[in-house]
Amino acid sequence: MGKTLFDKVWDSHVVSTIENGPQILYIDKQLIHEVTSPQAFNELEERGIPVFRPSQIVATADHNTPTLHQDQPIKDALSRKQLEQLSENCKKNNITLYELGHKYNGIVHVMAPELGVTQPGLTMVCGDSHTSTHGAFGAIAFGIGTSQVAQVFASQCLLLTKPKSLRVTVNGKLKNGVLPKDVILYIISKLGTNSGTGYFCEYAGNVFEEMSMEGRMTVCNMSIEMGARGGMIAPDETTFEYVRGREFAPKGEEFDKKVAYWKTLPTDSDAKFDKEYSFDAEDIEPMITYGTNPGMGIKISETIPVDENPSFKKSLAYMNFEAGESLINKPINFVFIGSCTNSRIEDFRVAANYIKGKKKAANVTAWLVPGSKQVETQIIEEGLKSIFDDAGFELRQPGCSACLAMNDDKIPQGEYCVSTSNRNFEGRQGQGSRTILASPLVAAATAVEGKIIDISKQLN
Amino acid sequence: MEKFTTLQSRAIPLHIENVDTDQIIPARFLKATDREGFGNNVFRDWRYHKDGTINTDFVLNDSKYSGSILVAGDNFGCGSSREHAAWAITDFGFKVVVSSFFADIFKGNALNNGLLPVQVSPAFLSDLMQKIVSNPETELVVDLEKQTISVKDSELSENFEIDAYKKTCMINGYDDIDYLINNKEQIEAFEAQKIY
């Protein structure tokens, strides 16, 4: 029987198998940031264990960094200490760190692919659940807890039981205005937030084949929102062209050799998956969420479903929405375009293309937070910044920002925020805030109109 | 890691589905650089109102209930990979979480911190919730060796699954680092001959 893409990458990384137990899986790259690494460094130090392969670790500061005045000392003492500790730990252990202000600094899942750290066929981990993003390259990439961060520091390996395999196929032609974010929000709304738990998900079909790497990253990024530890897309010419020439990508003959290997990775035609779903691209429309988990999504033109489940009702009460109502024309005062889901250059091009020649509505605070310094530079160089400035949008400096509101970028109590991030959990963007997940296009349109509109009607 | 063999305790019923790690420990409390003290802020925004007053409607503030077992709704621990969620729950005093379904990363984090995730059938979970609510003094017995969870002095009992390796770790208080660094030679040999 043939092998899946996931099987091929996994099997080539198994160091050994414990009888009736997990396998030792070799990890090629570990990405670290300031929030989930300090306790792992402490643990190693307490136990007198050195970092085994420092050259296979890349560090950045992103979760807890300000998005204004990054050149000045950080005001919040705890945040400052966390960043200082990261610098100290990296220095002590010879780990490459792209700290705040560095030209390669950025959200870990934006800067690593940009630098060519992310490559097909690798195993990658990070103490962050959206590590699934890197699966867009045909890598096995997944989020881990801090104890596991320490394990990888100590041994470059993890003890894991091989997950089951799931394939989601989407074929057909996407409608005008339907972006990769809509595709993944649609899939999660159909399958629910725990359908992928225990699985690694491969996305297949012409819709993903035709997507840019940025789009594929958006899709794989949200795999964890349906419970899947990771998502993967078969590497192809789009992938190779993206990786070629990047800072840490193999060069010359070495690159050609790698490409020849990467071409062997896609799933064999006779491979079997433990679970399969397929959807028609034509059924997908611009999406929006109405509840407090990412599975609570609807087409923007639909109404909120009616459900008697107490947890569902609790969720609607938190959002102050009624079952059966439409979200069209709901006034919105906050819009956030950013996060590891949608803060790549393509996302800002989409937004700028819509915004050009328009003005943000007076009631709206609109934050644009690039995923990295490189994206920020590109926004300026491509002339997008002046479009945003003219329209009254605020372009900030890179970081995770209002996606999880660890820094000062918080949405006030009771306010709605149409956000391109990945989670609409209670209080995710600030205590009492109400998050509505959407694509960068829907977010840009909301900021211009000051309310939610049916973007598909406007486009057609 | 602390050893775990059996536990008899009262339980606290958290009748909510899809409890995510942002509820267990909100991101604004993740600025600490050590593992201690997260219990103070576990379920912070459900335990307290925004003005800092206690939310008496929340089950953790209901003096009827106590114990070191948390019985929670389906899909517990979804969301972020923050191990702070497991640290917060253990620091608050829980040793076992019962649910009909756990998110992957949370489950792994719990096991790495001596917090036992016990997955039961939806029907058993519903019976358990009912028992505890109708009599908050109900005692549960969790036996890791036998892989059973029972309601004391009743017929209500169910087996639960746990990875054999993880079970050994929990019973003996071992963690994965010990195992991995004892296999360094094998790992180095793998590095020398890897095919990709």
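Quick caveat, the model's predicted, so the values are computed rather than measured. Note on naming: letters A, B, ... go to the chains in the order of the sequence lines (proteins, then strands), and numbering restarts at 1 for each one.
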Give a yes or no on whether [X] atom [atom1] has more than 12 heavy-atom contacts from other residues, nucleotides or ligands under 6.0 Å away.
X: B:Glu188; atom1: CD; answer: yes
X: B:Tyr174; atom1: OH; answer: no
X: B:Lys3; atom1: NZ; answer: no
X: B:Gln193; atom1: CD; answer: yes
X: A:Lys81; atom1: NZ; answer: no
X: A:Lys164; atom1: NZ; answer: no

Find the one option among [options] whose heavy-atom pairs under 4.5 Å with chain A are most numerous.
options: B:Ile16, B:Thr21, B:Asp22; result: B:Asp22
options: B:Lys194, B:Arg44, B:Glu191; result: B:Glu191
options: B:Ala32, B:Ala103, B:Pro26; result: B:Ala32

Main chain of [Y], side chain of [X]: is a donor-acceptor contact present, judged purely on distance under 3.5 Å?
X: A:Gln151; Y: B:Ile177; value: no
X: B:Asp104; Y: A:Gly198; value: yes
X: B:Lys31; Y: A:Met406; value: yes
X: A:Arg229; Y: B:Ile105; value: no
X: A:Asn42; Y: B:Thr33; value: yes

Between the side chains of A:Gln39 and B:Asp34, is a donor N or O closer than 3.5 angstrom to an acceptor N or O?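 No.
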Compute whether any side-chain donor of one residue and acceptor of the other, for B:Glu17 and A:Asn309, lie under 3.5 angstrom apart.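 Side chains of B:Glu17 and A:Asn309: pair found under 3.5 Å.
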Measuring from atom [atom1] of [X] to atom [atom2] of [Y], what distance do you get when rounded to the nearest 0.5 angstrom?
X: A:Ser12; Y: B:Phe190; atom1: OG; atom2: CZ; result: 6.5 Å
X: B:Arg28; Y: A:Ser79; atom1: CZ; atom2: OG; result: 13.5 Å
X: A:Phe142; Y: B:Ser81; atom1: CZ; atom2: OG; result: 11.5 Å

So for [X], is it side chain, backbone, both, or neither that comes closer than 4.5 Å to the heavy atoms of chain A?
X: B:Asp178; answer: both
X: B:Phe106; answer: neither
X: B:Lys50; answer: both
X: B:Asn18; answer: side chain

I would like to know whether B:Asp20 and A:Asn293 meet side chain to side chain contact (heavy atoms under 4.5 Å, CB included); could you show each step before the answer? CA-CA 9 Å; B:Asp20 60 74; A:Asn293 72 57; over 6 Å; no
I'd like to know whether A:Asn20 forms a side chain to side chain contact (heavy atoms under 4.5 Å, CB included) with B:Asp163, so could you lay out the CA-CA distance, the side-chain angles of the two residues, the decisive distance to 0.1 Å, and finally the verdict. CA-CA 8 Å; A:Asn20 295 322; B:Asp163 178 273; over 6 Å; no
Is it the backbone or the side chain of [X] that comes under 4.5 Å from a heavy atom of chain B, or both, or neither?
X: A:Thr131; answer: neither
X: A:Ile144; answer: backbone
X: A:Ser129; answer: both

A:Ser147 pairs by side-chain contact (heavy atoms from CB on, under 4.5 Å) with which of B:Asp175, B:Asn109, B:Asn113, B:Leu111?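 For A:Ser147, the side-chain contact (heavy atoms from CB on, under 4.5 Å) test succeeds with only one of B:Asp175, B:Asn109, B:Asn113, B:Leu111, which is B:Asn113.
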Is the closest side-chain heavy-atom distance between A:Ser155 and B:Ile187 below 4.5 Å?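 Answer yes - side chains close enough.
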CA sep, side-chain torsions, deciding dist, call: B:Ser80, A:Arg423, side chain to side chain contact (heavy atoms under 4.5 Å, CB included): CA-CA 9 Å; B:Ser80 99; A:Arg423 287 188 176 135; 3.3 Å; yes
